[in-house]
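Accompanying notes for the structure given below.
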2 protein chains.
Amino acid sequence: MNSSRPVTIKDIARRFRCSPSTVSRALNDHPAINEDTRKNIQEYAKEVGYQRNEVSLSLLNKKTASLGVVVPTISNYYETAVIEGLHTVLQPMGYTLNICVTNESYLLEKESLSKLLSNRTEGIFLSVSQETYDAGYYEHLENVIQRKTPLIFIDREYEDFETSRATVDDYHGAFAAVEHLISIGYKQIAHLKGPNGLTVSEQRFKGYINCLKKYNMPIREDLILNTNFNVESAILPTKRLLELASPPDAIFGVNDQVAIGAMRVAKDKGLRIPQDIGLVGFDNSPISAYTFPSLTTVHRPGRKIGMEASRLFLNQLNGSGDFAPESIVLPSELVIRESSLRI
Amino acid sequence: MNSSRPVTIKDIARRFRCSPSTVSRALNDHPAINEDTRKNIQEYAKEVGYQRNEVSLSLLNKKTASLGVVVPTISNYYETAVIEGLHTVLQPMGYTLNICVTNESYLLEKESLSKLLSNRTEGIFLSVSQETYDAGYYEHLENVIQRKTPLIFIDREYEDFETSRATVDDYHGAFAAVEHLISIGYKQIAHLKGPNGLTVSEQRFKGYINCLKKYNMPIREDLILNTNFNVESAILPTKRLLELASPPDAIFGVNDQVAIGAMRVAKDKGLRIPQDIGLVGFDNSPISAYTFPSLTTVHRPGRKIGMEASRLFLNQLNGSGDFAPESIVLPSELVIRESSLRI
DNA sequence: GAAATTTTTTCAAACGTTTGCATTCAATAT
DNA sequence: ATATTGAATGCAAACGTTTGAAAAAATTTC
C-alpha cells in the first residue's frame, strides 16, 4: 500500500472524472467553476489531505520563494540575532530560509553557493568566510552576480562588488569605546584584537588606533594581541598582558566573549574591576549586562541588520532594471556599565 | 538582454544542434556518448556557467534533498549546537536545512510544517513550541505522519506519536546536580524552574524534587519559582528568594542563563559564592566556565543530540517498510566548578 | 558492397501544476 | 427552429531534466 505517495491533482481529477485543469481551478477558487464542483472538490481535497506540490510550481513559475543565508557560524549571539531579523521580515512574506554554515571554510562556502544557485534560490545573504577573505577568491561570487541573483553582504564584505550590503559601524563603535576609557582616565589601553584580515577585526582595530592617536596616547605594540572571538581564546593573551612589566590598566576586547575571558583572568589575578583594570567588550550580548561587574560594551544591532538586509533584498527584487546597490551602515552604540566606571 | 535567465540544457542543445538528451548524458558522463561530443559540451557548459536546475530534478525524482528544522528559537547556545550537529552530519550528505523558528507559537509551527510538506521536505526535526505543548494540539503532526515523512522529535516531545526522538536525560542531570549540592552540605536548595508544562522544565523539576525526597530534605514551595530560560527572567525571582525570612543557601537554575542571573543578584547583595550561597546551572554553555566564580553546571550535549537525531532520520529513511521508531536518550553530565565548591 | 554489428543520437514520456484558448452544452433571444 | 449568448469544462503546452527504447549513423565483417 502506497498510502505514503502524496495525493495529486490528477488523483482528484480521476476521482471526479474531470480534468486536472478543473481541479486546479476549483482549488484556486477560479470564478469559471461551477459552485457545486468547487465545493465537492475542495471538500474531498481536504479530506484526503491534498497539499499542493510547490516543487512543480517552482519549476513552472521559476519562483522558489527560498533564500540562502550563508554564514561562517551560528554559535554566536550576534549571528543568530541577524538570522532572527531576516526571519522576522521574510518568513511572513512566505520565504523559506536555507541556512548554510561555512565554518570559515572557502570550500564549504563555494559549495553552499553553488548548491543554492542550483536550487534556484531567489536571493543570498552572505557573510564571507575567513578563508575566502584571506585567499581573496571571488570566482564563486561572480557566478551569483552573473545569474543576477540578489546578493546581500552582511558585515563581512568585498569592496569589489556592485552589491548591497548591511554592516554595523564598527569603526566608530570601537572609537567611542576607547574614547570612553580615556575619558575615565585609563592610560594604558590594550586591545584584544580579532583574527587579522576580517573587516570586523580591522575596523575595530582602526577605531582603537585612531582614537589613541587623536588623544596623543602612545601606541604600544605589546598591548595588541590576537584572539579568535571566543572566550577561551582570550585567556592566554590576557595572561600575557597582565604579566607585562608595564601591564595595561584597561582592555578593549574585540567582542563580549573575549572581554568576559579577560574579566575572568583579571579576577583570578586578584585585580579589581574597574578600579585596577577597566574592561570594554563589543556586541552587547544578553549576558554582558549580568556579569559581575556588568560589562561596558558596544551595542551591535544584529536583529536590525537582519531586517535591513531583508529590506535591501526586497528593494533589489522589486527595483526596475537599472538597480543601484545600497550600503546600509547602522550605528553602533556605546553601552556604559560597571566594568569601566572607575570613579 | 536576458543574460540573467539561467542557461538550460535546451539552450546548449540548440547551440550544438543536438537533442537535450545528448546534452544531459554528456554532462553526466554517460558512456554512450561520443568522447568529442562530451568534451565539447562540457567545456561549453562550463564556459557559460551552466548549473543544473535541481528543481526540475526534484520534481522528476520526487527527491528534494531538503530537511526541515522547526525550533522555538535559535538564540540560545543549546539550540544552535543542535543545529550544528544536524549540519555536521547532513550537509556533507547533500542535504539542505530549512530552518523555521516558531517563537513558541502554535500557529507558526503549524504553518511551518505545512510549508515544509508542500515543499516536499524529506524529513522534519521538530522541537515543539510551548503553545503547542500547552494546547495539546497535534493535528498538524498527524499530517506529517500520514505523509510518512520522517519526523524526529528533539527534546520536547509528544508521548503519543510513533516517531523517533532524541532527548537529553534531564531528569538524572538535575538529580545529580542537586545531589551534588546536598553532598557539599547545602541544606535549603531553591529551584528556579523553567516554564511549566515543557518536558525540559518538568524533568529537571522532577529530578530536583526526587533528589530532595531521597535525602529526606523538606520540599519548600516558597523555594520554587518560575523563570523563562533567559537571564533577565531570573532577576526578580532570585531577589524574592534572597529576601525570604529563611532564604536558600543554594540555587539550582533550570539553565546557565538563569543561574548567571541568580549569580549576579547574589553578588549584588554582597553574598559570597559558594560560601554564602551555592549555584548550579544546566547546559554547560561556553560562558559558564568563565564566569567568576565559574559555574557548576550539567553538560547537555547539543551537538551530539543533533548528530544522533540525524542518525535516527537516516535509519528511518533507509529502514525497510516496517520501521520501528527509536528513542535515544543521551546522558547529561555534572560539571563541577567553583560556584558550588564550598569547602 | 551488402549485411551485421557497434556506436551514437533522438524520441517520447514522465514528474505536478497552471493557463490561454478551444470546446461543449444548455439556456436565452430572435 | 436557429442563432446568440454564457457558463463550465477540457486540451495542450510549458517549466527543465532524465531515461528506456527506438532510430540513425558509423564501423566492422564477410
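Lettering of chains follows the sequences in order, A, B, ..., and the numbering in each one begins at 1.
B:Tyr50 comes within 4.0 angstrom of the backbone, heavy atoms only, and of no base. B:Arg17 comes within 4.0 angstrom of sugar-phosphate atoms only, judged by non-hydrogen atoms across all strands, and of no base. Nucleic acid contact for B:Thr8: sugar-phosphate only, since backbone atoms but no base atoms lie under 4.0 Å from a heavy atom of the residue. When heavy atoms are screened at a 4.0 angstrom cut-off, A:Lys10 is found touching base atoms of the nucleic acid. Residue contacts shown for A:Arg52 are limited to sugar-phosphate atoms, with no base heavy atom under 4.0 Å away. Here A:Leu60 lies in heavy-atom contact (under 4.0 Å) with a base. Nucleic acid contact for B:Asn61: none, since no nucleic acid atom lies under 4.0 Å from a heavy atom of the residue.
In this structure, B:His30 atom NE2 and C:dT7 atom C1' are separated by 12 Å, rounded to whole Å. Rounded to an integer number of Å, the gap from B:Ile33 CD1 to C:dT10 C1' is 10 Å.
Side-chain atoms of A:Ser105 and A:Thr102 form no donor-acceptor pair, as typed in the model, at a separation below 3.5 Å. Under the 3.5 Å distance criterion, with hydrogens and angles disregarded, a donor-acceptor pair is assigned to the side chains of A:Ser129 and A:Glu109. A:Tyr78 and A:Asp155 share a donor-acceptor pair across their side chains, judged by distance under 3.5 Å alone. No hydrogens or angles considered: nothing links the side chains of A:Glu122 and A:Ser66 as a donor-acceptor pair under 3.5 Å. Between the side chains of B:Lys115 and A:Thr96, a donor-acceptor pair is found at a separation under 3.5 Å. Residues B:Thr88 and B:Arg303 have side chains that bring a donor and an acceptor to within less than 3.5 angstrom of each other.
Comparing B:Pro20 and A:Asn53 by the nucleotide of DNA chain C that holds the closest heavy atom to each, the one mapping nearer the 5' end is B:Pro20. Along DNA chain D, the nucleotide closest to A:Thr37 and the one closest to A:Leu59 are compared, and the more 5′ of them pairs with A:Thr37.
For DNA chain D, the contact window with chain A, defined by any atom under 4.0 Å from a protein heavy atom, covers D:dA8 to D:dG16 in 5' to 3' order.
Contact check, B:Ser21 against C:dT10: no side-chain N or O comes under 4.0 Å of OP1 or OP2.
A:Tyr95 and A:Phe313 have perpendicular rings, their planes meeting at more than 60° on a 0 to 90° scale where under 30° would count as parallel.
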